[in-house]
Amino acid sequence: MSENQKEVRVRFAPSPTGRLHLGGGRTALYNYLLVKKMGGKFILRIEDTDQKRYVETAEQEIIDGLHWLGIDWDEGPDKGGPYGPYRQSQRKEIYQRYAEQLIDQGDAFYCFCSTDRLSEMKRLQQQRKEFPHYDGLCRDIPVEEARKRIAAGESYVIRFKTPKEGTTTVRDLLRGEITVENKTIDDYIIVKSDGWALYHLAAMVDDHLMKISHVIRGSEWIPTLPLHHLILKAFGWDEPVWIHLSVFLKPSGKGKMSKRESADLIKDGYSIFLTDLKDLGYVDEAVTNWIALMGWSYDDRTEIFNMSQLIDAFSLEHLNPSPAAINFTKLDYFNGVHIRMLEIDDLAQRIQPYFEADGYTADLDTLKKITPIIQERIAGLDEAPKIAGFFFEKEVHPKLEDLVQKGLDAAQCADIATKSYQILSALPVIDKDHGEPEMRALVEELALKPAQVFGVLRVAVTGQKISPPLFESMEIIGQDVVLERIKNAEKMLKAA
RNA sequence: GCCCCCAUCGUCUAGCGGCCGAGGACGUGGCCCUCUCAAGGCCAAAACGGGGAUUCGAAUUCCCCUGGGGGCACCA
């Protein structure tokens, strides 16, 4: 296989330090779409070299979140693969070996500077309005001497030896060439004093060993891209195609969302965390569609996509490098659209947990009858019990003020209830053919507006001013219960 | 402070030199439909940040400014 037609291999490499959010989900999505589109392998790699920040539950949440979005991988910690292990914490020796190689080649050096000296150095530099960077004190300590000091027990880190002259240019697929002066690239630490490699070394080593062809990652990596290029060059390895995605900005467009702001969002029914979105009533199809379109587009009009359509349509060329503000109202729209596209049985099953969460015992058979009449009325799965919970209530408790319709008084509404009862009780059954014609005749007879007559019935039968279509609802509730509820409303109105 | 990235309606975006007196979508306003609420249909308001340059011709190319964002850890 020649250079330009090697297999597409991409990776999503999250750090298990927190929760999977929108930005991570999108990065994973684009990686996944590329692979599915081009044919190739998707690798999940866990970057857990920092044991201090490790969060026990994070890895599982990442896996759950990705699965929820419909993303799956070919190689990863949970499935193995030919280039494992896929958890960096299990690859410590590999990184040490490559770090040694860099030392031997003269591309890295041992550094014995104390953190005290380093922070003092940084303080002085900032005072002089310079950018904080390593001053090079240990840069030229001969390797033999350094190894003696290490043998004597001195603590050390390994730093990459950056050239101080010239410039480095790296090509990013959507931004073109990025050039920086070498003197602005610090002698970054690549191995910590505890022996663990840092991202800059570990990721480059793994990407090479795992034969990654395209690196799609967040733009927060652009500043260290030249360093990564230099590291790859020191090893003599091929470079992947670099693709740096834009960041997500808060809805106002002013900056990234802070931890605090992210936590506060939930109060408004939104969240940037994937697993929260599910609980909030969003369907995965909508979330996938939504994040796919923040930073990528297909053409000037198509925007409703399911996963397979996304795969068909995806191309790197349509990626957009500019930062995008998160627009939750558009997510609500996508959610409504995708909910309306679901099959009845599917939707019925998906709303069931939300009824249970709200304390209703909702059987699937009834749910399947309700689903068609609420499908286009809910913008989120969580809204289903709010609008249709009364179907599972033994009795409803309408408010008198709701029962009395605009332009009418209680006595008039009581009369409507009385007459409705007579009409509906005389029917063999209430369904889509029996009930509405007769009731419309009553509207004529009383010379009232449909809304007034149906309004009394709606509140009496559902207990709510807002409900799914009246007659379909009554059919599901059943004639006996409907009549009982009308009778009850009639009593309330007469007593008023 | 230094380095880097980005720049079309409020927001997400189409546009890759003439098809643009700038298209779509969300949201907003109005109308229609209508048993409530939705959904749906129609209409409207709404943008190329500024200045130079290149060109017969620039939203599209180049430069400067401005604005916004990201980075500057023994985190990723």
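FYI, side chains are in, hydrogens and waters are out, and symmetry mates aren't considered; it's all heavy atoms of this structure. Chain identifiers are assigned alphabetically (A, B, ...) following the order of the sequence lines, protein sequences preceding nucleic acid strands; residue numbering begins at 1 within each chain. On a predicted model such as this, the values are computed, not experimentally measured, just so you know.
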Checklist entry - A:D50 near the nucleic acid: base, sugar-phosphate alone, or nothing, with a heavy-atom cut-off under 4.0 Å? => result sugar-phosphate

Next on the checklist: Under 4.0 Å, counting only non-hydrogen atoms across every strand here, what does A:G255 touch: a base, just sugar-phosphate, or nothing?
Outcome noted: sugar-phosphate

Next on the checklist: Mind checking if A:I222 touches a base, just sugar-phosphate, or nothing, with heavy atoms under 4.0 Å?
Outcome noted: sugar-phosphate

Next on the checklist: Can you identify which nucleotide, out of B:A76, B:A25, B:A7, has its nearest atom closest to the A:E303 side chain?
Outcome noted: B:A25

Next on the checklist: Any base atoms under 4.0 Å from A:L198, or only sugar-phosphate, or nothing? Heavy atoms, all strands.
Outcome noted: sugar-phosphate

Checklist entry - B:G50 and B:A58: how far apart are their P atoms, nearest whole angstrom? => result 15 Å

Checklist entry - B:C72, B:C6, B:C35: which one has an atom nearest the side-chain heavy atoms of A:F131? => result B:C72

Checklist entry - What distance, rounded to whole Å, do you find between the two P atoms, one in B:U28 and one in B:A73? => result 44 Å

Checklist entry - Mind checking the P distance from B:G23 to B:C43? Whole angstroms is fine. => result 13 Å

Next on the checklist: Distance criterion of 3.5 Å, no angle test: do you see the side chain of A:R377 paired donor-to-acceptor with the base of B:C37?
Outcome noted: yes

Next on the checklist: Check A:D187 with A:K161, please: is the shortest side-chain N to carboxylate O separation under 4.0 Å?
Outcome noted: no

Next on the checklist: Starting the side chain at C-beta, find the nucleotide from B:G70, B:A76, B:C37 nearest to A:K256.
Outcome noted: B:G70

Checklist entry - Rounded to the Å, how far apart are A:L245 CG and B:G70 P? => result 16 Å

Item to check | A:F112 six-ring centre to A:R149 NZ/CZ under 6.0 Å and within 45° of normal | outcome: yes

Checklist entry - Expressed as a whole number of Å, how far does the C1' atom of B:C20 sit from that of B:A76? => result 44 Å

Checklist entry - With both distances under 3.5 Å as the test, what is the Watson-Crick or G-U wobble partner of B:A7? => result B:U66

Next on the checklist: Roughly how many Å apart are B:C65 and B:G40, using the P atom of each and rounding to a whole number?
Outcome noted: 48 Å

Checklist entry - Do the numbers put A:R45 on top of the ring of A:Y86, so that NZ or CZ is under 6.0 Å from the six-membered ring centre and no more than 45° off the axis? => result no

Checklist outcome for this item: Here the distance between atom P of B:C5 and atom CD1 of A:I243, to the nearest Å, is 17 Å

Item to check | Phosphate OP1/OP2 of B:A25: any A:K330 side-chain N/O under 4.0 Å | outcome: no

Item to check | Touch class at under 4.0 angstrom, heavy-atom based, for A:P14 against every strand present | outcome: nothing

Checklist entry - B:C37 P sits how many Å from A:I370 CD1, rounded? => result 21 Å

Item to check | Pairing nucleotide - B:A44, Watson-Crick or G-U, each distance under 3.5 Å | outcome: B:U28

Next on the checklist: Assess whether a salt bridge exists between A:R350 and A:E285, defined as any Lys/Arg side-chain N lying under 4.0 Å from an Asp/Glu carboxylate O.
Outcome noted: yes

Item to check | Minimum-distance nucleotide (side-chain atoms of A:I466 versus B:U36, B:C26, B:C74) | outcome: B:U36

Item to check | Nearest to side-chain heavy atoms of A:I178, which nucleotide of B:A14, B:G1, B:C5 | outcome: B:C5

Checklist entry - Between B:C35, B:C37, B:A14, which nucleotide has the shortest distance from any of its atoms to the side chain of A:F454? => result B:C35

Next on the checklist: Base, sugar-phosphate or nothing for A:Y333? Non-hydrogen atoms, less than 4.0 Å.
Outcome noted: sugar-phosphate

Checklist entry - At under 4.0 Å between heavy atoms, what does A:R340 touch on the DNA or RNA strands: base, sugar-phosphate, or nothing? => result sugar-phosphate

Item to check | Check ion pair A:K386-A:D382 (N to O, under 4.0 angstrom) | outcome: no

Checklist entry - Looking at A:W196, is A:K92 sitting on its ring face, NZ or CZ under 6.0 Å from the six-membered ring centre and within 45 degrees of the normal? => result yes

Checklist entry - So what does A:G218 hit on the nucleic acid, given a heavy-atom distance under 4.0 Å: a base, only sugar-phosphate, or nothing? => result nothing

Next on the checklist: Under a 3.5 Å cut-off for both contacts, is B:A22 paired Watson-Crick or G-U wobble with anything, and if yes, with which nucleotide?
Outcome noted: none

Next on the checklist: Using the side-chain heavy atoms of A:E376, tell me which of these nucleotides is nearest: B:G69, B:C75, B:A38.
Outcome noted: B:A38

Item to check | Check: A:Q479 side chain, A:L424 main-chain N or O, donor-acceptor pair, under 3.5 Å | outcome: yes

Checklist entry - Is there a side-chain polar atom (N or O) of A:T49 under 4.0 Å from OP1 or OP2 of B:A76? => result yes

Next on the checklist: Within the 4.0 Å heavy-atom criterion, would you say A:P226 contacts the bases, only the backbone, or no part of the nucleic acid?
Outcome noted: nothing

Checklist entry - Counting only side-chain N and O atoms of A:N320, is one of them less than 4.0 Å from OP1 or OP2 of B:C6? => result no

Checklist entry - With no hydrogens and no angle check, do the side chains of A:Y282 and A:D332 hold a donor and an acceptor under 3.5 Å apart? => result yes

Checklist entry - Base, sugar-phosphate alone, or nothing: which one does A:P132 contact when heavy atoms must sit under 4.0 Å apart? => result base

Checklist entry - Do A:R159 and A:Y134 meet the cation-pi criteria used here (NZ or CZ under 6.0 Å from the six-membered ring centre, within 45° of the axis)? => result yes

Checklist entry - Considering only the P atoms, how many Å lie between B:C6 and B:A45, rounded to the nearest integer? => result 34 Å

Checklist entry - What nucleic acid atoms does A:W221 come within less than 4.0 Å of, heavy atoms only: base, sugar-phosphate, or nothing? => result base

Checklist entry - With respect to the phosphate group of B:C75, does any side-chain polar atom (N or O) of A:K192 fall under 4.0 Å of OP1 or OP2? => result yes

Next on the checklist: Students often get this wrong, so: under 4.0 angstrom with heavy atoms, is A:K254 touching a base, only sugar-phosphate, or nothing?
Outcome noted: sugar-phosphate

Checklist entry - What does A:R301 touch in the nucleic acid at a heavy-atom separation under 4.0 angstrom: a base, only the sugar-phosphate, or nothing? => result sugar-phosphate

Item to check | Among B:C6, B:C74, B:G71, the nucleotide that comes nearest once only the side chain of A:E220 is considered | outcome: B:G71

Next on the checklist: Any side-chain N or O of A:S297 below 4.0 angstrom from OP1/OP2 of B:A14?
Outcome noted: yes

Next on the checklist: Using a heavy-atom cut-off of 4.0 Å across all strands, would you classify A:V157 as base, sugar-phosphate, or nothing?
Outcome noted: base

Checklist outcome for this item: Picking from B:C6, B:C3, B:C35, the nucleotide nearest the side-chain atoms of A:L470 would be B:C35

Checklist entry - Of the nucleotides B:A76, B:A7, B:C35, which one has an atom closest to the side chain of A:E436? => result B:C35

